[in-house]
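Taking it in order: structure first as structure tokens, then the write-up.
Each chain gets a letter, A, B and so on, in the order the sequences are listed, and its residues count up from 1.
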2 protein chains.
Amino acid sequence: MSMNDSFQVNMDAFLPLRDVVFNNLRHAILVGELKPGERLMEIHLANKLGVSRTPIREAIRMLELEGLVIMTPRRGAEVAQITEKSMNDVLEVRQALDVLCVELACRRITAEELEDLKDACEAFAASVETGDLRQIAEADVALHDIIIKATGNPRLIQLVNNLSLQMYRYRFEYIKDSTQHETLIREHRVIYESLVAGNAETAAQAAKTHIDNQRNAIIRQIRLEQGK
Amino acid sequence: MSMNDSFQVNMDAFLPLRDVVFNNLRHAILVGELKPGERLMEIHLANKLGVSRTPIREAIRMLELEGLVIMTPRRGAEVAQITEKSMNDVLEVRQALDVLCVELACRRITAEELEDLKDACEAFAASVETGDLRQIAEADVALHDIIIKATGNPRLIQLVNNLSLQMYRYRFEYIKDSTQHETLIREHRVIYESLVAGNAETAAQAAKTHIDNQRNAIIRQIRLEQGK
DNA sequence: ATACAATGTTATGTATACAAGAATTGTGAC
DNA sequence: GTCACAATTCTTGTATACATAACATTGTAT
């Protein structure tokens, strides 16, 4: 046990401990602090986080339903493996839902949200100028959040957010390639203009290729990782 | 508290109690035994089911992530309300995913599965002859299961099954109207033949109208319920 | 040396105890 | 009669104790 893996529970908000633990563990899994295949042992985690087993157990149940951990009875939980197949499965679903998002947004987006979206597009273009990957990724997420919220479908929002999280670890991969930056900006603009015009067809097409690009980048990266 | 609502835990399989409780509660919610807005109190349920609070709590957490109960901190859980909006939200997502299912199935279905699908189509037509709603509903589910499994995408399968469950209570509504039975048979046949021909386009269209019909039946029913 | 059995350890499954917050009810004053 | 405030009760949040199943280890016999 190394020194710097004793991550403590920070009393984020006044959330119940199970939620704090849940967020902690989820984050640890997504950034790779807890690696695929690693077992999540309750007593161990309880000591590490300074809480009892109860909130740990409840958090693990939640992670299970999110697909981040796999449970086997009487053996406990382990971090789910990320394979090319599993990523592809997630991306297939996400593509369909992202297309649905822009189609719905097309019909329901308000004037105010359109204005926000325009700003977000410009902010994204500006962030590309800086070349800072983190900043670009954040601008991208902000932009997508506006579209997703514009659907007015909380169920859809929850699902898309959850699926996006599954790929959190690869969030930089598809913006690393700077030759693609202009393409990204263009796709965003196409989506924005389609929403303005209410043209669901072209918006859907743009969203589709947007995910295709993402898929390519992620799959490429996974093959690199597994090839080593 | 009436006599016959003391549903006991039956030791279904050798599942952990949390799963037994989860299945029990889910079923109770879906068939309306536990009504929307009804509070789920841990001690109460624990006594009723003859287990301790621990498995109850874990089951409730799982139900929360499935969207069947709503939790508010320090107040506990209650059965989620079913509104026209919430059903519409679910159906929107399900339509997109059902379309994705047939498109993927188009590319991936095996010869054997196609044979099963053909049989299922015929079994459905036969069940319609009997006029027994329960039998028709089961045949319909069996048919859809074949298509869903043919996608080979476990993630997608899980999501579609979960979304279907949300509408469990209305599963008879869209097959009640016997004037629609011929339409249903025809739609199934269109999907089957599209899969044989590998024609994703027409399969998608059929799946879409299939859900549209379902939506109409469900929304009509909800308006009836709320109008009374 | 290998296979198998017995034993001990470890982790999960379940129950229960205790703490603390929220709602409700009752009492008093205006 | 109504409003405010306090006390009680009910419920959830968390910790811990005990039971049981799985796994590892060790010892013995062949």
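Between B/K176 and B/E173 there is a salt bridge, with a side-chain nitrogen of the basic residue lying less than 4.0 Å from a carboxylate oxygen of the acidic one. One finds a salt bridge joining A/D89 and A/K85 here, because a Lys/Arg side-chain nitrogen approaches an Asp/Glu carboxylate oxygen to under 4.0 Å. Look at B/E92 and A/R108 and you find a salt bridge, because one of the NZ, NE, NH1 or NH2 atoms lies within 4.0 Å of a carboxylate O, short of that distance. For the pair A/K149 and A/E113, the salt-bridge criterion is not met [side-chain N within less than 4.0 Å of a carboxylate O].
Taking atom CG on A/L17 and atom P on C/dA19, their separation rounds to 17 Å, with Å as the unit. Rounded to an integer number of Å, the gap from A/L45 CG to C/dA11 P is 11 Å. Whole-Å rounding puts the A/D19 CG to D/dG13 P distance at 9 Å.
Here CD1 of B/I109 is found 5.0 Å from CG of B/L195. Values are rounded to the nearest 0.5 Å. Separating the CG atom in B/L17 from the OG1 atom in B/T54 is a distance of 10.0 Å, to the nearest 0.5 Å.
Taking a 4.0 Å limit (strictly below) on heavy-atom distances, residues 60-70 of chain B does not reach DNA chain C anywhere.
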Nucleotide N/O to protein N/O under 3.5 Å, stretch nucleotides 9-12 of chain D:
| unit_1 | atom_1 | unit_2 | atom_2 | d |
| --- | --- | --- | --- | --- |
| D/dT12 | OP1 | B/L40 | O | 3.4 |
| D/dT12 | OP2 | B/E42 | N | 3.3 |
| D/dT12 | O2 | B/R74 | NH1 | 3.0 |

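Within the 4.0 Å cut-off from OP1 or OP2 of C/dA15, at least one side-chain nitrogen or oxygen of B/S52 is found. Note on B/T54: every side-chain N or O is 4.0 Å or more away from OP1 and OP2 of C/dT14.
Between A/C101 and A/T151, the shortest heavy-atom contact is O-CG2, 3.4 Å.
The aromatic rings of B/H188 and B/H210 sit tilted, their planes meeting at an angle between 30° and 60°.
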